[in-house]
Amino acid sequence: MSEPVSDDRTWDDATAGTPVDAPIPTSNGSSGPDAAVRHPHPGALLEVDDVTLRFGGLVALDKVNFSIYPGEIFGLIGPNGAGKTTCFNVMTGVYRPTSGEIRFEGQPLTGKKKHEITRLGIARTFQNIRLFPEMTALENVMVGADARHLTSVPGALFRLPRHRREEREGREKSMELLRTVGIEKRAGEVSRSLPYGDQRRLEIARALATDPKLLCLDEPAAGFNPAEKERLLTLIRGIRDSGVTILLVEHDMRLVMGVVDRLVVLEFGRKIADGQPAKVRTDPRVIAAYLGEPTDAA
Amino acid sequence: MNFSDLIRDFGPLTITGLAQGAIIALFALGYTLVYGVLRLINFAHSEVFMVGTFACLVVWGWFGLDQNSATPATGAVIGLLVLGLIGAMVVSGVMALIVEVAAYRPLRRRNAPPLAFLITAIGASVVISEAVGIKTDRNIRGVPPLIQPSTVFQIGNMKVTNLQILIIVLALVMMFVLDRFINGTRLGRGVRAVAQNPDSAALMGVNKTRVISLVFLLGGVMAGVASVMYVLKIGDTRYDAGFLLGIEAFTAAVLGGIGNLRGALIGGFILGVAENYGAGLFGTQWKNVVAFVLLIAILMFRPTGLLGESLGRARA
Amino acid sequence: NSDSGSDDAAGGGNCGFEIAFFGALTGSAAGLGVNIEQGAELAVDQYNTKNGKDCVTLKKFDSQGSPDVAPGLARQLVTDKKILGIVGPAFSGESEAANPIFQEAGIPLITPSATRTSLATKGWKVFHRAVANDDAQGPAAAGYIKNSLKAEKVFVGDDQSAYGAGLADIVKAKLGGLVVASDKTAADGKQTDFSATVQKVVSSGSTAFFYGGYYQNAGLLRKQLTAAGWTGTLVAGDGVNDPGFAKAAGNAAAAGSIVTCPCAPAAKAGGTFVADYKAKWNVDPGTYSDVAFDAANILMQGIGAGNTTPQKLNDYLTGVDYAGIANTYKFTSTGELDPAQIKVWAFKFDANGTAQPDQEAPKI
Amino acid sequence: MSQHRKSTGGSGGIHLGLDSIRQWFQGLPKLARWGIGAVGVLAAFLLPYVGSIPLIGPQIETQGVDWPSALFNMSYFVLLALGLNVVVGYAGLLDLGYVGFFAIGAYTVAVLCSPDSELGTMWPWLAAVPIAIVMTMLSGLILGWPTLRLRGDYLAIVTLGFAEIIRIVADSSEFLRGDRGFGGIPHPPGRLPDGAAIFGVRDATPYFWLGLCVILLVIVIVRNLDRSRVGRSWVAVREDEEAAEIMGVRTIKFKLWAFATGAAVAGLGGVLFAGIQGFMNSSTFILQFSILILAGVVMGGAGNIAGAILGGAIIAYIPDRLRGVEIAGTDAFEYRFLIFGLAIILIMIFRPQGIIPSRRRAMEFKDRAGEVAPQ
Amino acid sequence: MLLEISDITLLYGRIQALHGISLHVDEGEIVAMIGANGAGKSTTMRAVSGLRPVASGSIKFNGEDITRLRADLRVVRGICQSPEGRGLFPGMSVQENLDMGAYTRRDAAGIRTDQDRVFELFPRLAERRKQIGGTLSGGEQQMLAVGRALMSRPKLLLLDEPSMGLAPMLIQQIFNIITEINQQGMTILLVEQNAQQALSRAHRGYVLETGRIVKTGTGADLLHDPVVKEAYLGVA
Ligand SMILES: Nc1ncnc2c1ncn2[C@@H]1O[C@H](COP(=O)(O)OP(=O)(O)OP(=O)(O)O)[C@@H](O)[C@H]1O
Ligand SMILES: Nc1ncnc2c1ncn2[C@@H]1O[C@H](COP(=O)(O)OP(=O)(O)OP(=O)(O)O)[C@@H](O)[C@H]1O
Ligand SMILES: CC(C)C[C@H](N)C(=O)O
Ligand SMILES: [Mg+2]
Ligand SMILES: [Mg+2]
């Protein structure tokens, strides 16, 4: 209790890195024609435009720029603490950028609520698994699927046919997803009791259930052995082939280099390289900052 | 509304509010400590306080004192105060331990969900207060006039009495000692570790059971001190004396940021004073409304209390 | 249908019936309820010594003084076909909730203590009040403050209970301009720290403080007022006329406080009541113990006289003229005590914590 | 040394009994389950006559309180437990001020219908019912709104404060008449063929039946909500609010719905209460009342309908049953709270998940240690 | 033998996670455990550190039977675990977390040296001494967890997937650290998904499958075992 104490989750500097639900008046949810003008990457699914995020004195993201195009698998790598997860947090509305803007399908995400962003089509997994521990695996996925349902309290109250249909479809879709990630046998178990690796798979299934256009995976392979990583690789490719764009954060270079189409490298919140894997892996700055000796680190 | 009354009585209401706040603050510590470590609203803490009020009466009774006795000589008063304090601290401390061992420990062993603890806490509270109620025929018990309040100094119409000074100073001293203990010692660090991650704390070699017992004991001892100050101030006690003040103490703990020791102190003082102002302004019957409205207003802007949580949760 | 003395109540052979006590035996104002129950129970015991063991049984219904417990209890009471009459309900609030049920069941009741004026206006045929209502007590208290204490600045407080607030309002109205300030506290058992009220009393410069409420709060207030150096007189109504007041305040602080009561001093009660009560219960009779004693006796006398259905007993009460130990009882058509019989006394607490009769209020 | 004990929630004799009954029941075909349910409902309706069953009947009946009245008490406690269960059990919002909504329901009826009311409207009871429900739902939203950002125990104290504010306002305002209360509140309508009112003063049985019907209705509502995306959203919010929102759950909306649903049910309870009592004042709506209901919900098994019903019934039944029973020469009623407190502790120790545990182990207010930035 | 586990079984509620595991660790060894997700590696670690009670079997440490010993007393005996999921104190600063690692120690000087060494190994932690543990990045948290375990200077160090979440350069480094502290005399029981690295540095290894040990041998043996290669090394 010796240090000054501030709000939940943020550093003292209340103006920066504020969680979106903090009581700071939203500036201007700028959209409209203006947004169209500031759309320098036509066709991009997601544009990260000069995003800066400060935690007190620490610059976690420093004018980061990149765009992701539909259908690609896009990698985001960098040393520990480079700002990758923070980048996810900004994209999904957990933090509001100190400056800069993120646009999804041309639409700025500034000021959007977390669940609205999900409904727009961005889904994510968590590096430090955040499942609903007392719900079964199936229910976890169904929560994700609910994001796409149209009926709500009245439908449930009166058990309207449409509601029942949605429930049934949601259940089937969720089972299907569990099958896709390979844990359908554990559908009925509470997620708390799943082994670490299966929890990661479940995270992916839950995120997929929201029918995302962009799926952001934060170290999905952590805690997998090489054989399992191999299967994950196939899974990721399969997801992409089904039409979902993927943003992948991962430290396993064999996996990353084997699957991504393009990637960006961050260090201390700054972009130090981007491009195709072959080019990035030989970039001396990347090697110095991240990869170490230019061998397969795995 | 009665602004002129409030302005006229501003000084006196402040000082009586501070004295009441000091008692509330010490009482609140028990909630904060236990909450900080176990995430449990220890409802039975109000009864830990209540048995303290009776304990010092019993001690003074041994010396033949009751509420109709004459005030003893100054030397004797100091001795009696110390003995009463010790008696109340011991009894409250032990009672807190008993509650932990009898009501909570079995639940911990069974990995009970947090709500279960809340309910046994309520059960324990009912059992203790009823047992005392039956034993005392639910009668009110008067306190020997150990300290005849007398004005020590006066600012305007604000008279500060010896009793008020005693209460406020004692509370501050106890708080300081406790704060140093929790934040400055190894055991205190163990307490905070258990608060944040009990499993990891065990992996660091912290004896969880001992830490939890310690926390209950400390909270109980503080409540014991509070209980003596309470009887001196109010002049009476009853089997349900803890319940009412308990709600205020818990409110104070939350107001300051539950789990945060200094928060409890600040919360207690603010609550004591605000209630008095509210009573002056709107009438005594509204004083709790003032307290709760203040609480809600503060929580709307600072959802984790004035100073935020500290013992337990992340502060960053 | 009239009878004379209490001691030689006509004993009949009508045994095997029951009368009920309805009121708080537990809860924060239990002291008042217990006084009443003990008075009634003493009457029943004495009746049974005369008329044979277990001739009349007293059934106790502990309402905790709470209006939400009362209806279930009242329904239970009316299922017992042997109960012919009721002493109680003791408090005004529970009377409101329970009396409609007694009315529907046709069981007569005599309340020795529920003083809220409006109770008599609800059209309950079974309702009888053996004391005066608050309309008599309030003016008496105000008169005492004005004429005996000669206070020029009066502070009025109450506990917001139906009884306390109602009484305080009457006192306030009667005192008019003498009232310099007022405050309200929480109910008994809901507040212990009265520092804000105390401060207001002290600052107001008043020399008398009328408190409408019950004895515990009044005791705490008196104690804290004394501690704060206020030397004026506390005046209160029947709810404070209980040894519990001095217990809470301490004898020293309690001394000199005035309480009014729409009753005569129990010590003035006729016969051996005071001694008998003390012998049986080991305490002095409290407020309304004597009235409850009388109320029970009235009912039993009716039963003894052959009124062995509730209906008959109720009819009997309509015309009763009973000289009890505390008063003589006659009821008006609304069940109120005959105005001619109303007595209001003021009592003063002495240095031993006992309320001593001070003076009888002049009739208004 | 907690780790070395069996730490799985235990499975002693009683537990196995109850749990296996439950498993057996859930294993039955749907039709059979419905059948058993229907028999159960019928049995509930016949409860007022339980005293005529030889031997056991009188044991079950209360002695100091009229049995149908005791049943009615149970019915509104059950109702309140069902409602609170939505808020606490499903959505994990610790509400210590539930009595506040009950009060609002009861007061709405009183103000609209009682001759003592300043409004002087003197509506019939039935007309006031919808207004009362709307009022309580609105108050649920009003309470819910400022408290949405609060978690766990902060919410607890705010709800507690809310109920206390309501009580004090009722106590102190002229309009709500404080302790003087409202008398002459009309009973529900209806006449028997012989012209007597169905809902009279002396017999509480019809009120109990009315209470049962309302309970059945509420069960259907709560069940439908629980077994749908609404229920899932509640649990998700309970388990990890932020993750839930990132998964697309409109947390604010569902928390408000939980509050509003719970409030409406409590309001219904208040409406029934006012309808049978005829008289009510502010002294009913004390904090202990809220705590009692919470204890019922958790004892029964938070997060599940059967548990809430059982818990609500128990908390109403135990004290009433103790009335008029002698223990060693004293009326057990004097010890009712003591016994009650001990019972609570023992039940929780032996059934930490409640007597009928929820399928999902309740984890509400669990250690939210991970509550920093999501990684 | 420093650690000897004989035939332990362990239950999570009704689910049996370990079906009779026996293994031993000698003084001065690095022993690796590998196996697929859900094989029971972390569970075995929890049994050794005392976080979960075993249902049957025995655990001996330094000749003493510790099967029923409380977790915190095992720390006093010299067993320290860096748990799966890191188990940091999220509200404590980096410095305080490290202090907690040395909770059972009294030698102020020794603590200082060890702390300096941790900061030397993970300079990032030194930069962030005051930062609250819960706000660190995933990898930074991992460094802190390992650093904290080192602070207790145990006789037996249990590491559950220490390389998880670390950047490639650091992975190399963390295995170097493991070897280094082992050479300085610390015995290590290591769970790793990076089987390649783990086995090549371990003296011996065990392979777990669904709560049983299915294979054991020296690190080198296992590294070249075709079944292991196929299943855990991902050699296509
Ligand atoms: N709430 C916060 N307050 C202060 N600093 C923070 C906060 N959140 C993150 N940081 C810091 O910002 C930096 C970026 O963190 P981030 O989690 O984005 O890293 P990362 O790239 O995901 O790293 P890793 O690979 O280790 O997961 C880190 O140094 C971290 O300590
Ligand atoms: N808390 C728990 N409750 C119930 N079952 C559990 C729990 N923890 C683990 N299990 C089960 O025990 C088995 C072993 O799990 P454990 O975590 O030990 O696996 P692991 O080998 O460490 O896997 P991973 O590589 O994924 O970490 C799994 O089947 C898992 O589902
Ligand atoms: C016993 C009495 C003090 C009761 C009071 N007169 C009332 O009407 O409630
Ligand atoms: Mg990260
Ligand atoms: Mg593991």
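Letters A, B, ... mirror the listed sequences (proteins, then strands); counts begin at 1. The structure displayed is predicted, hence computed values, not measured ones.
A cation-pi geometry, defined here as NZ or CZ lying under 6.0 Å from the six-membered ring centre and within 45° of its normal, does not hold between B:Arg192 and E:Phe89.
With a threshold of 4.5 angstrom between heavy atoms, E:Arg106 approaches chain B through side-chain atoms but not through N, CA, C or O. For E:Leu158, no part lies under 4.5 angstrom from a heavy atom of chain B. Looking at E:Asn97, there are no atoms closer than 4.5 Å to chain B (heavy atoms on both sides), in backbone or side chain. Proximity to chain B (any heavy atom under 4.5 Å) is shown, for E:Thr104, by both the backbone and the side chain.
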- For the pair E:Leu88 and B:Asn197, evaluate side-chain contact (heavy atoms from CB on, under 4.5 Å) and give the outcome as yes or no after the intermediate values. CA-CA 7 Å; E:Leu88 294 180; B:Asn197 192 335; over 6 Å; no
Q.
Run the side-chain contact (heavy atoms from CB on, under 4.5 Å) test on B:Met204 and E:Met151 for me, step by step, so that the C-alpha distance in whole Å, both residues' side-chain angles and the decisive distance to 0.1 Å come before the verdict.
A. CA-CA 10 Å; B:Met204 300 298 117; E:Met151 288 297 293; over 6 Å; no
Using the side-chain contact (heavy atoms from CB on, under 4.5 Å) rule, take E:Leu51 and B:Asp199 through it: C-alpha gap first, then chi angles, then the decisive distance, then the call. CA-CA 7 Å; E:Leu51 277 187; B:Asp199 273 354; 3.8 Å; yes
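The distance from atom CG of E:Asp99 to atom CZ of B:Arg186, rounded to the nearest 0.5 Å, is 11.5 Å. Considering CE of E:Met100 and OG of B:Ser200, their distance stands at 9.0 Å, rounded to 0.5 Å. Taken from OG1 in B:Thr209 to CZ in E:Arg70, the straight-line distance is 5.5 Å, to the nearest 0.5 Å.
Within 6.0 Å of CZ in B:Arg210 there are 12 or fewer heavy atoms belonging to other residues, nucleotides or ligands.
Ranked by heavy-atom pairs under 4.5 Å with chain B, the first of E:Leu73, E:Ile79, E:Val75 is E:Val75.
E:Gln81 places no side-chain N or O within 3.5 Å of a backbone atom of B:Leu203 that could act as its donor or acceptor partner.
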